[in-house]
Student: 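Provided herewith is a single structure, encoded as structure tokens, for subsequent inquiry.
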Amino acid sequence: GKHEAADSLLNQALGIARKTKGDKHPDVAVVLNNLGSLYNDMGLFAKAEPVILEALEIKRKFYGEDHVENVPVFNILANLYSDMGKYDKAEHYYLEAIRIKKKQSGENNPAYSNYINNLALLYHLMGYYKKAEPLFLQSFEIRERLLGENHPLLAQSLNNLAALYSDLAQFEKAEKLYLQAAEIRKVSLGEGHADYGASINNLANNYVFSRDFDKAERTYREALKINPASRPTQYEFAYMYCAKGEYQKAMDYIEEIIN
């Protein structure tokens, strides 16, 4: 598949970089970072960690401890530890990325907003909602100021905030933000885009959680028509019908999942 082809190409590039530049050159670190990120995407955490740590070690020795060149490696390492469930390590590296980026470039740049958004996602995952909310809001404000009102990253911020409010049972707040995110994605990406479909699907999930089952079903049906990559799963339909008390319909979807 595509991942295996990318693995092969990156390993070839790594071999060439080591041979021509030496093991401690920052170009080697760039390839290692990309390779580690690929392994993380593939779920190969045991392969990803040493590769990314080697990239970080090379960059630290070449540029110094607090150099901005280290920041993307901190971010990828934090993503890896978050995916591995090692949340304390993930938090440490996100905070390092944020600290150095702020020191070097200030808060008024898209990369900084991305890093605080990632930390907010981690806190949301950990159930630290009070820590997550101000970071999501700060990321949103930076993106709105720098990127304008119809940028896909602004929709991402709105979607993340909506998911937080949905988990806090603030369903009306969540609905409003999911609708805003969907409208931005519709305008900026088009009605057939998977991200627009994901916004509609998230909205349907919010209706299920708020027990507005008629709206949920209509919205799931709408999401089905948008993009195969973001259509609601049989599990989501099964969960909705089960929550609604329509157990036979739920069982039909569960049987589809099993088969």
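Throughout, numbering of the chain's residues begins at 1 and tracks the sequence. Please read all numbers here as calculations on a predicted model, not as lab measurements.
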Student: Before giving the answer on side chain to side chain contact (heavy atoms under 4.5 Å, CB included), spell out for V31 and D27 the whole-Å C-alpha distance, their side-chain angles and the decisive distance to 0.1 Å.
Tutor: CA-CA 7 Å; V31 183; D27 286 357; 6.0 Å; no
Student: So do the side chains of N159 and R185 get within less than 4.5 Å of each other, counting heavy atoms only?
Tutor: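 In contact.
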Student: If only atom types and distance count, is the side chain of N259 paired as donor or acceptor with the main-chain N or O of E255 below 3.5 Å?
Tutor: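 Looks like yes, one N/O pair under 3.5 Å.
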Student: So, for A250 and A238, which heavy atoms are closest and what is the spacing to 0.1 Å?
Tutor: CB-O, 3.5 Å
Student: Once you round to the nearest 0.5 Å, how far does CG of L153 lie from CD of E144?
Tutor: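 Between L153 CG and E144 CD, I get 13.0 Å after rounding to 0.5 Å.
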Student: How far apart are the closest heavy atoms of N117 and N160, and which atoms are they?
Tutor: OD1-ND2, 2.9 Å
Student: Run L119 and E91 through side chain to side chain contact (heavy atoms under 4.5 Å, CB included) and show every step you take.
Tutor: CA-CA 7 Å; L119 181 60; E91 181 187 24; 4.2 Å; yes
Student: Flag yes if more than 12 heavy atoms outside Y128 fall under 6.0 Å of its OH atom; otherwise flag no.
Tutor: no
Student: Between E49 and Y81, is a side chain to side chain contact (heavy atoms under 4.5 Å, CB included) present by the stated rule, with each step listed?
Tutor: CA-CA 9 Å; E49 185 178 14; Y81 286 132; 2.6 Å; yes
Student: Nearest 0.5 Å, what's the OH-CG distance between Y93 and N70?
Tutor: 11.0 Å
Student: Does any N or O in the side chain of T219 come within less than 3.5 Å of the main-chain N or O of A204, such that one atom is a donor and the other an acceptor?
Tutor: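 Checking the backbone N and O of A204 against the side chain of T219, no donor-acceptor pair under 3.5 Å is found.
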Student: With heavy-atom distances below 4.5 Å as the criterion, would you say the side chains of L125 and L121 are in contact?
Tutor: no
Student: Any chance you could lay out the side chain to side chain contact (heavy atoms under 4.5 Å, CB included) test for I100 and K103, step after step, and finish with the verdict?
Tutor: CA-CA 5 Å; I100 294 169; K103 183 179 173 184; 5.5 Å; no
Student: With a sphere of 6.0 Å drawn around OH of Y63, does it hold more than 12 non-hydrogen atoms of other residues, nucleotides or ligands?
Tutor: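 It does: Y63 OH has more than 12 such atoms within range.
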Student: Heavy atoms, side chains only, cut-off 4.5 Å: are S105 and Y112 in contact?
Tutor: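 They are not in side-chain contact.
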Student: Please report the shortest heavy-atom distance between L122 and S82, naming the atom on each side.
Tutor: CD1-OG, 3.7 Å
Student: Assess the side chains of S230 and N201: does a donor N or O sit below 3.5 Å from an acceptor N or O?
Tutor: no
Student: Over all heavy atoms of both residues, which pair between Q104 and V68 is shortest? Give the atoms and the distance, please.
Tutor: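 That closest heavy-atom pairing would be CG-CB, 3.8 Å.
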Student: Distance from D88 atom CG to H92 atom NE2, nearest 0.5 Å?
Tutor: 11.0 Å
Student: For the pair F136 and H124, name the ring-plane relationship: parallel under 30°, tilted 30 to 60°, perpendicular over 60°.
Tutor: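 The arrangement is perpendicular - the two ring planes meet at more than 60°.
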Student: For E217 and Y241, does a side-chain donor sit closer than 3.5 Å to a side-chain acceptor?
Tutor: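 Result is yes, a qualifying pair exists.
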Student: With a 4.5 Å heavy-atom cut-off, do N109 and K101 have their side chains touching?
Tutor: yes
Student: Decide yes or no for L168 and K173: does some side-chain heavy atom of the first lie under 4.5 Å from some side-chain heavy atom of the second?
Tutor: no
Student: Decide yes or no for I76 and N40: does some side-chain heavy atom of the first lie under 4.5 Å from some side-chain heavy atom of the second?
Tutor: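 The answer is no; the side chains never approach within 4.5 Å.
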Student: If you look at every heavy atom in I257 and Q234, which pair is closest and at what distance?
Tutor: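 Nearest pair, atom of I257 first, then Q234: CG1-CB, 3.6 Å.
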Student: When you measure from the side chain of R99 to the backbone N and O of D66, does any donor-acceptor pair fall under 3.5 Å?
Tutor: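 Here the side-chain-to-backbone pair does not exist.
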Student: Do the charged groups of E222 and K186 touch, with an N to O distance under 4.0 Å?
Tutor: no
Student: Taking atom CD1 of I226 and atom NE2 of H193, what is their separation to the nearest 0.5 Å?
Tutor: 12.0 Å
Student: Ignoring hydrogens and angles, tell me if any N or O in the side chain of S139 forms a donor-acceptor pair with the backbone of S113 under 3.5 Å.
Tutor: yes
Student: Among L53, I52, I58, V30, which one satisfies side-chain contact (heavy atoms from CB on, under 4.5 Å) with V73?
Tutor: I52
Student: Once you round to the nearest 0.5 Å, how far does CZ of F209 lie from CG of N206?
Tutor: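 Interatomic distance, F209 CZ to N206 CG, rounded to 0.5 Å: 7.5 Å.
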Student: Taking the six-membered ring for Trp and the full ring for Phe, Tyr or His, determine whether the centres of F237 and Y220 are under 6.0 Å apart.
Tutor: yes
Student: State the CD-CZ distance between Q138 and R143, to the nearest 0.5 angstrom.
Tutor: 11.5 Å
Student: Below 4.5 Å, heavy atoms only, C-beta onward: do L146 and H151 meet side chain to side chain?
Tutor: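 The answer is no; the side chains never approach within 4.5 Å.
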Student: Counting distance only, does the side-chain N/O of K21 pair as donor-acceptor with the main-chain N or O of V28 below 3.5 Å?
Tutor: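 Looks like no, no N/O pair under 3.5 Å.
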Student: So, for L177 and L158, which heavy atoms are closest and what is the spacing to 0.1 Å?
Tutor: CD2-CD2, 3.6 Å
Student: Output yes when E57 and K61 qualify as a salt bridge under the 4.0 Å nitrogen-oxygen rule, no when they do not.
Tutor: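 A salt bridge links E57 with K61.
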Student: Got a donor-acceptor contact below 3.5 angstrom from the E183 side chain to the Q180 backbone?
Tutor: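 Between the backbone of Q180 and the side chain of E183 there is no qualifying donor-acceptor contact (under 3.5 Å).
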Student: Closer than 3.5 angstrom, by distance alone: can the side chain of N227 be matched with the main-chain N or O of D195 as a donor-acceptor pair?
Tutor: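 Checking the backbone N and O of D195 against the side chain of N227, no donor-acceptor pair under 3.5 Å is found.
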Student: For K176, is there an ion pair with E172 - N to carboxylate O distance below 4.0 angstrom?
Tutor: no
Student: Is the closest side-chain heavy-atom distance between D7 and L38 below 4.5 Å?
Tutor: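 Touching, per the 4.5 Å side-chain cut-off.
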